[in-house]
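Working notes, beginning with the structure itself.
We name chains A, B, ... by the order of the sequence lines, and we start the count at 1 in each one.
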4 protein chains.
Amino acid sequence: MPENDWIQELLSSDKGALSDKQVKILEAATEIFAERGYAATSTNEIARRAGVAEGTIFRHYKTKKDLLLSIVTPTMIKFVAPHFAKSFAKDVFNEDYVSYTDFVRKLAFNRFDFAKKNQQILKIFLQEIAFHEELRTPFKAIFTEHILNKFKAVVEKFQQNGEIVSMPPESVMRLTVTNVIGLVLARFLFLPEADWDDEAELERTVDFIVKGLSK
Amino acid sequence: MPENDWIQELLSSDKGALSDKQVKILEAATEIFAERGYAATSTNEIARRAGVAEGTIFRHYKTKKDLLLSIVTPTMIKFVAPHFAKSFAKDVFNEDYVSYTDFVRKLAFNRFDFAKKNQQILKIFLQEIAFHEELRTPFKAIFTEHILNKFKAVVEKFQQNGEIVSMPPESVMRLTVTNVIGLVLARFLFLPEADWDDEAELERTVDFIVKGLSK
Amino acid sequence: MPENDWIQELLSSDKGALSDKQVKILEAATEIFAERGYAATSTNEIARRAGVAEGTIFRHYKTKKDLLLSIVTPTMIKFVAPHFAKSFAKDVFNEDYVSYTDFVRKLAFNRFDFAKKNQQILKIFLQEIAFHEELRTPFKAIFTEHILNKFKAVVEKFQQNGEIVSMPPESVMRLTVTNVIGLVLARFLFLPEADWDDEAELERTVDFIVKGLSK
Amino acid sequence: MPENDWIQELLSSDKGALSDKQVKILEAATEIFAERGYAATSTNEIARRAGVAEGTIFRHYKTKKDLLLSIVTPTMIKFVAPHFAKSFAKDVFNEDYVSYTDFVRKLAFNRFDFAKKNQQILKIFLQEIAFHEELRTPFKAIFTEHILNKFKAVVEKFQQNGEIVSMPPESVMRLTVTNVIGLVLARFLFLPEADWDDEAELERTVDFIVKGLSK
DNA sequence: GATGAATGAGTTTTCATTCAT
DNA sequence: CATGAATGAAAACTCATTCAT
């Protein structure tokens, strides 16, 4: 079940003190939130699928929303925060790239892999960020602090050395990110049943971005 | 309120027999569905914002889901079906284009404009299509029948005449669509507050797509 | 539609001023009350089956209960009150009988015929008399005044002349009535689908009563 | 409260795991269903009379109809199914009778006693069987399987030995049953206030049936 | 008279949350 | 710690009745 990879990571992370029941609750909630959406999911159903009593959920999570945040927030942070050794930010931004191509390839493959392992949570995140301030605010903060400026620096570096076209760095970033996310969503959300050659499609997408931004 | 443009069109369309209260219900429901999501919206709140009794909603729409479908379906159809004279399909696909650039520009400006006028409904649609079979099935059917093959034909034509690169037409379509939708979402959903130069950003996006796909 | 015979009679009776729509409402209500019961029937459904607007019902009948009473009361009265020329009371009680057999035969055939023509209303009556004081009180009054004493007199007459057994007249009446009603209910309510020889079964029932009560 | 005898039996039966509140709900529902009829009873009122929250009802019974069936079905089954040691079927049909008189007496006293102890439920049953397929179908099945043929065998035996008259056994059964039920209904439903000498009335009824059917 | 849209009180049912065991 | 019965507030939906047209 690669969609629940995050739980393994949670378990092996420092907080690690998750009881057996707690893990089952998180797994069940993740599944059903992804299937039906947060608001349409009842705690009763989560309890049943997790094989625990309804009261047990509230022993570990004060409210249903607490449960949602407990599922989504760590992944959201892991998506960005640099103190996770193998994280995106470290991998992608804290290295020196010889070319924008290099950078985009790393970015795309890295995030594609991450999405593959966290499909359900990412789906929940995408659905719910629109409706929960508690998700939106920290996400914006983390994103701005850890990603935005580093990304911008990378873009400006390769604009200055002439590899990529002169336009507002925000536009470059938007176009780059759009295509990575677009691939991920098409692959895992919209057309998961289709017959994908992941490697080839990733390469095509990277080539497309780079050529589109080339001078 | 350009987000509710669709109601004007509904009113002027053949079905047109919408009572005053019915319009208010549709407007209120659209607003709140977009704000909080379908499942988190109560009919009581819709009634209050619409200024009608709760029972009135159910006189016009058998169930809450019926109300959702009544809001989303017409827009979904209008998005595609060719018998609406000025529709997307007619505009974009039933013409001859001298270049893929031409086609992409038309597509991007046309859909950008449509999205601008139908922000709320499109947001609702994007949120809810994941959870309602009643939305997914007809959408797939309409999309497949009215868009897919025509789009593919356009792509293959310009692949044959050498304007765009040789790769699976599905990939070309995906990359093209991703960037149009990506722009629309960034503009109206994720960063509506930012300082956008719509014209310029559209042009940049079109150029990017075309250059990225050029041979 | 012999079950709605009563409406014909209503029409031809003195009140006779029933509009076309009114008749349709009475017919529809009778049907649905008999099918689902009074409490489980909505005025909306009555209106639809009658082919009139819901408001029209309330133009003719102040409340839903009014409609019920309008359907059930005349039949209930007709069942007993002597001023309807051809009524039960006249037929059965105001004549001289040469034997109890004679009397029971008349009673049984007469009421069987009446039930056959008023199945639906009788069903409604039986169901609803348990729950509506407005039905129970007048029924008791009419029954006591017009039936009870006359019936008792008949019984006592044939007890005195030795045709039937000595026991409390109330018991004789109960046993007699039970068997007439029992036949009617079995025939029209419980086992209407069975293969009945009405004539023979009536005769059997009459014989049974008379023999059971003989000295 | 002899009308609720069934609950005692339910409690002492194998399922016995009825919580305190559950018993109160069943008692309250039985009372009000009998008073006003199923359709005219609100779950809110049941909850109030039972002294529980409305939600509690639905924790134990998925729907209001479920509650009805939970009340009526066990009694209905107990009325017939032979595996209840002291049940009607065992008592009445599985013994050898020396005469039809013997049989009718046993039947009448036995069912009279049962009715006395289950007045409310039997009233609900009689009212609602007309409107609920879920009640009608199992009742017919149970009745046909456990009663009909055994009863018929008894009748035919005494027709052959000449104690009772030659007529279709169905008619004999109808006349017999009619008078037992007729007595029960008169006694407990129609005229419970009257001054009854139960013993005497039962004897009269038995004598009447037997004499009426004698050769 | 007839209509049917509108009402609002009421109905059944759901659900997050609590708490005694 | 875990349970699951109980809660009560709120949800979706129904319905008899009214009233402007």
Side-chain angles (χ1 to χ4, degrees), chain A residues 19-22 24-25 38-48 50-67, chain B residues 17-22 24-25 39-47 50-67, chain C residues 19-22 24-25 38-48 50-67, chain D residues 17-22 24-25 39-47 50-67:
Chain A
S19 76
D20 179 46
K21 305 238 165 193
Q22 211 161 159
K24 281 195 180 129
I25 291 169
Y38 167 78
T41 298
S42 76
T43 51
N44 165 47
E45 200 184 350
I46 296 172
R48 268 185 297 132
V52 304
E54 217 168 340
T56 307
I57 293 176
F58 290 91
R59 180 154 297 279
H60 293 291
Y61 306 93
K62 253 166 68 80
T63 64
K64 187 182 155 195
K65 179 165 276 187
D66 231 56
L67 177 55
Chain B
L18 290 187
S19 75
D20 178 46
K21 305 242 166 189
Q22 210 163 158
K24 281 195 180 130
I25 291 169
T41 298
S42 78
T43 53
N44 165 43
E45 198 183 350
I46 296 172
V52 304
E54 209 167 344
T56 306
I57 294 176
F58 291 93
R59 171 156 290 276
H60 292 293
Y61 305 94
K62 259 164 70 78
T63 63
K64 188 183 153 194
K65 179 165 274 186
D66 228 58
L67 177 55
Chain C
S19 74
D20 179 46
K21 306 236 165 194
Q22 213 162 155
K24 280 194 180 131
I25 291 169
Y38 167 78
T41 298
S42 75
T43 51
N44 165 46
E45 199 183 350
I46 296 172
R48 268 185 296 133
V52 305
E54 216 168 339
T56 307
I57 293 176
F58 291 89
R59 179 153 298 279
H60 293 292
Y61 306 94
K62 255 168 65 80
T63 65
K64 188 184 157 195
K65 179 164 277 187
D66 232 55
L67 177 55
Chain D
L18 289 187
S19 75
D20 179 47
K21 305 240 166 194
Q22 210 162 157
K24 282 196 179 130
I25 291 169
T41 298
S42 77
T43 52
N44 165 43
E45 199 183 351
I46 296 172
V52 304
E54 211 166 343
T56 307
I57 294 176
F58 290 91
R59 170 157 290 277
H60 293 292
Y61 306 94
K62 262 165 66 79
T63 64
K64 189 183 154 194
K65 179 164 275 185
D66 228 57
L67 177 55

query: Could you give the distance from CD (Glu45(A)) to OG1 (Thr41(A)), rounded to the nearest 0.5 Å?
result: 6.5 Å
- prompt: Taking atom CZ of Arg59(A) and atom OG of Ser19(A), what is their separation to the nearest 0.5 Å?
  reply: 11.5 Å
field: N/O (side chain, His60(A)) to phosphate O (OP1/OP2, dC1(F)) under 4.0 Å
entry: no
Euclidean distance, atom NZ of residue Lys21(D) to atom C1' of dG4(F) [Å, nearest integer]: 14 Å
field: Approximate separation, where rounding is to 0.5 Å, of Thr43(B) OG1 and Ile25(B) CD1
entry: 10.5 Å
message: Do Leu67(B) and Ile46(B) make a side-chain contact, defined as non-hydrogen atoms from C-beta onward lying under 4.5 Å apart?
response: yes
- line: For DNA chain F, the dot-bracket notation using Watson-Crick and G-U wobble pairs below 3.5 Å, [ ] for pseudoknot-type crossings and | for other-strand pairs, is .||||||||||||||||||||
field: Rounded distance (nearest 0.5 Å) linking atom CD of Gln22(B) with atom OG1 of Thr56(B)
entry: 10.5 Å
Could you list all N or O pairs between the protein and nucleotides 13-17 of chain F that sit under 3.5 Å apart?
residue, atom, partner, partner atom, Å
dC13(F), OP2, Lys64(B), N, 2.8
dA16(F), OP1, Thr41(C), O, 3.2
dA16(F), OP1, Lys64(C), NZ, 3.1
dA16(F), OP2, Thr43(C), N, 2.6
dA16(F), OP2, Thr43(C), OG1, 2.7
dT17(F), OP2, Lys64(C), N, 2.8

Cation-pi geometry met for Lys64(D) and Phe58(D) (6.0 Å, 45°): no
message: Using 0.5 Å steps for rounding, measure from the NZ atom of Lys62(C) to the CD1 atom of Ile57(C).
response: 16.0 Å
- prompt: Taking atom C1' of dA2(F) as reference, at what distance in whole Å does atom CD1 of Ile46(A) sit?
  reply: 17 Å
field: Whole-Å gap separating C1' (dT3(E)) and CD1 (Ile25(C))
entry: 12 Å
query: What is the distance, rounded to the nearest whole Å, between atom CG of Leu18(B) and atom C1' of dA5(E)?
result: 14 Å
statement: When rounded to whole Å, the CD1 to C1' distance for the pair Ile57(D) and dT14(E) reads 14 Å
- line: Rounded to whole Å, NZ of Lys24(C) lies from P of dG1(E) at a distance of 16 Å
task: Round to a whole Å and report the spacing from CG of Asp20(B) to P of dA6(E).
output: 8 Å
query: Is there a donor-acceptor pair closer than 3.5 Å between any side-chain N or O of Tyr38(C) and the backbone N or O of Lys65(C)?
result: yes
task: Using whole Å, report how far CD of Gln22(D) lies from P of dT7(F).
output: 13 Å
query: Between the side chain of Glu54(D) and the main-chain N/O of Asn44(D), is any donor-acceptor distance below 3.5 Å?
result: yes
